[in-house]
Amino acid sequence: MVFALTLGVATFLMAVPFGSFLVRYLKAHGIGEQIRINGPSSHQLKTGTPTMGGIMIIAPVVIMTALFNLINRESMLLPLATAIGCGILGAIDDWAGLRRSKAKGVGLGTGEPKEDKAGLIARYKLAWLVAIAMGAAIVLHFVFRLESFALPSIPAKFSLGLWYLPAAVFVIVATANAVNLTDGLDGLAGSTSAIAFVAYGVIALLQGQLYLVAFCFTMAGATLAFLWYNAYPAQLFMGDTGSLALGGALGVVAMMTGQWLLLPIVGIVFVAETMSDILQVGYFKLTKGKRIFKMAPLHHHFELMGWSEVHVVQRFWLVGILAAMLGIALALL
């Protein structure tokens, strides 16, 4: 645990100065976020804020893991490779969106539809994400020999056999997309992701998976460094580069612990954000135009209810901390 905590702090100290350089570089090259026109009006002020800040998370994690957590610990290649793969996919999506926005002149008050600001076509993006998740699932099952899940208070684990493969793919893809949906307010996705990684780091410690503990705290340290620049008012957005990388890696970490059924509890904020979006779209289609929430995902609903962005983020991460505590408690049973 001393090693894991020290590695997390060292990653933070490395990432913060790198972040300062990254912000300057992204600004100099005009790599700025284009805010969707149908979001809350207060978000329009964020147009031009540098995006693709997930690079600030991925690069230090790669360096610190390679230097200190890979010697005779080849299993750490899987969550690291998943983070890199998802990050590259997210970076391609971010870059495609920025290029399309610049080509079409998308900006404030244009009234152009959301599709004109999109990056990759959604089905292609999902297909690549599933492919990355399938690769991770194959390694988990056939290399690491994982095929079971744990239930609180029951010592025995339950085997899924080959059904483990689709379960792992679903968990990784769902977590990546859920963190991506949560990334809509300054500091929200970063803070809740850091909490989730710390929680799974503690769960891994309880199970004696010491190398995984170190990886989780490395991810947490890098994410906290990103929050140095992403705290309100944000100087830097993570983009899909960061959100997909964080979610994909978190899904793999949960599968490696065998405690992946606790992920909806530990990541309750991600679940709430995703379900609000699914319910909103489904209800809108069924009722031909009616809505459950003022806007989805859920954080926008609370903004339009009158909560400030800071209040939404703080209250969501408070819920995230409590949920993480509950998840750890259940893992102890």
Side-chain angles (χ1 to χ4, degrees), residues 74-90 92-93 120-152 154-183 193 196-197 199-200 203-204 207 209 212 215-216 219 240 243-279 281-282 297 323 327 330-331:
E74 292 81 2
S75 61
M76 293 303 97
L77 282 170
L78 180 60
L80 185 63
T82 303
I84 294 171
C86 290
I88 291 173
L89 176 61
I92 293 171
D93 185 46
L120 296 175
I121 297 174
R123 62 179 178 274
Y124 295 156
K125 180 179 172 182
L126 179 60
W128 278 107
L129 189 56
V130 169
I132 294 170
M134 178 57 75
I138 289 171
V139 174
L140 286 166
H141 184 64
F142 292 105
V143 179
F144 297 168
R145 304 295 180 185
L146 298 176
E147 61 176 20
S148 61
F149 63 91
L151 288 175
I154 299 178
K157 291 189 175 182
F158 300 88
S159 175
L160 289 176
L162 286 176
W163 286 104
Y164 182 88
L165 291 173
V169 171
F170 175 78
V171 168
I172 296 167
V173 171
T175 308
N177 280 315
V179 175
N180 189 29
L181 278 173
T182 305
D183 183 31
S193 294
F197 274 109
Y200 267 101
I203 291 171
Q207 300 181 162
Q209 297 172 289
L212 192 57
F215 179 82
C216 288
M219 289 293 294
D240 283 16
S243 60
L244 292 183
L246 287 171
L250 180 61
V252 169
V253 165
M255 298 305 297
M256 290 179 70
T257 64
Q259 298 283 0
W260 44 275
L261 289 183
L262 294 178
L263 187 53
I265 296 174
V266 172
I268 189 65
V269 172
F270 307 139
V271 174
E273 296 274 33
T274 304
M275 291 307 299
S276 69
D277 204 56
I278 293 171
L279 290 172
V281 172
L330 291 173

A.B. asks: Does a side-chain heavy-atom distance below 4.5 Å link Leu120 with Trp128?
C.D. replies: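 Contact flag for Leu120/Trp128 side chains = no.
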
A.B. asks: So, does Tyr200 use its side chain to make a donor-acceptor pair with the main chain of Leu263 at under 3.5 Å?
C.D. replies: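 A pair under 3.5 Å: yes.
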
A.B. asks: More than 12 non-hydrogen atoms from neighbouring residues, nucleotides or ligands closer than 6.0 Å to OH on Tyr164, yes or no?
C.D. replies: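 Enclosed.
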
A.B. asks: For the atom pair OG1 (Thr274) and CG (Asn180), what is the distance rounded to the nearest 0.5 Å?
C.D. replies: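 Between Thr274 OG1 and Asn180 CG, I get 9.5 Å after rounding to 0.5 Å.
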
A.B. asks: List the atom of Ala136, the atom of Thr82, and the distance in Å for their closest heavy-atom pair.
C.D. replies: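 Distance-wise, the nearest heavy atoms are CB-OG1, 3.9 Å.
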
A.B. asks: Looking at Thr175 and Gly247, what are the two nearest heavy atoms and their distance?
C.D. replies: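 Of all heavy-atom pairs spanning Thr175 and Gly247, the closest is CG2-O, 3.2 Å.
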
A.B. asks: Measure the CG-CD1 distance between Leu330 and Ile265 for me, rounded to the nearest 0.5 Å.
C.D. replies: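 Rounded to the nearest 0.5 Å, the CG-CD1 separation comes out at 5.0 Å.
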
A.B. asks: Give the minimum heavy-atom separation between Val169 and Ala137, together with the two atoms involved.
C.D. replies: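 In terms of heavy atoms, the two residues are closest at CG2-CB, 3.9 Å.
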
A.B. asks: Side-chain contact test, heavy atoms from C-beta onward, threshold under 4.5 Å: evaluate it for Leu212 versus Met76 and give yes or no.
C.D. replies: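 Yes, close enough: below the 4.5 Å cut-off.
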
A.B. asks: May I ask you to test the Leu262-Thr257 pair for a side-chain heavy-atom distance under 4.5 Å?
C.D. replies: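 No, too far: nothing below the 4.5 Å cut-off.
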
A.B. asks: Taking all heavy atoms of Ser75 and all of Met256, pick out the closest pair and write down the distance.
C.D. replies: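 Closest approach of Ser75 to Met256: O-CE, 3.9 Å.
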
A.B. asks: Is any side-chain heavy atom of Met255 closer than 4.5 Å to a side-chain heavy atom of Val171?
C.D. replies: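 Met255 reaches Val171 side chain to side chain.
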
A.B. asks: Quick one: does Ser243's side chain get under 4.5 Å of Asp240's, heavy atoms only?
C.D. replies: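 A side-chain contact exists here, since the closest heavy-atom pair is under 4.5 Å.
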
A.B. asks: Taking side chain as C-beta onward, heavy atoms only, is Lys125 less than 4.5 Å from Ile92?
C.D. replies: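 Heavy-atom side-chain distance check fails, nothing below 4.5 Å.
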
A.B. asks: If you compare all heavy atoms of Leu160 against all heavy atoms of Phe149, which two are closest, and at what distance to 0.1 Å?
C.D. replies: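 Scanning both residues completely, I find the closest heavy atoms to be CD2-CE2, 3.7 Å.
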
A.B. asks: Answer whether the closest heavy-atom distance between the side chains of Asn177 and Leu181 falls below 4.5 Å.
C.D. replies: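 Answer no - side chains too far apart.
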
A.B. asks: What's the verdict on side-chain contact (heavy atoms from CB on, under 4.5 Å) for Leu129 and Ile172, showing C-alpha distance, side-chain angles and the deciding distance?
C.D. replies: CA-CA 9 Å; Leu129 189 56; Ile172 296 167; 5.8 Å; no

A.B. asks: Indicate the atoms forming the closest heavy-atom contact of Ala133 with Val173, along with that distance.
C.D. replies: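 Closest heavy-atom pair between Ala133 and Val173: CB-CG2, 3.6 Å.
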
A.B. asks: Just verifying a value: how many Å separate Leu244 CG and Ile88 CD1, rounded to the nearest 0.5 Å?
C.D. replies: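 Between Leu244 CG and Ile88 CD1, I get 12.0 Å after rounding to 0.5 Å.
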
A.B. asks: Is Gln207 reaching over with its side chain to a backbone N or O of Gln259, donor-acceptor style, under 3.5 angstrom?
C.D. replies: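 Checked: no pair found.
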
A.B. asks: Going by heavy atoms in the side chains, are Asp183 and Val179 under 4.5 Å from each other?
C.D. replies: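 No; the side chains remain at least 4.5 Å from each other.
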
A.B. asks: Any chance you could measure Lys157, atom NZ, to Leu151, atom CG, to the nearest 0.5 Å?
C.D. replies: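 Lys157 NZ to Leu151 CG: 11.0 Å, rounded to 0.5 Å.
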
A.B. asks: With rounding to the nearest 0.5 angstrom, report the CE to CG distance, Met134 to Leu165.
C.D. replies: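 One gets 6.0 Å once the value is rounded to the nearest 0.5 Å.
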
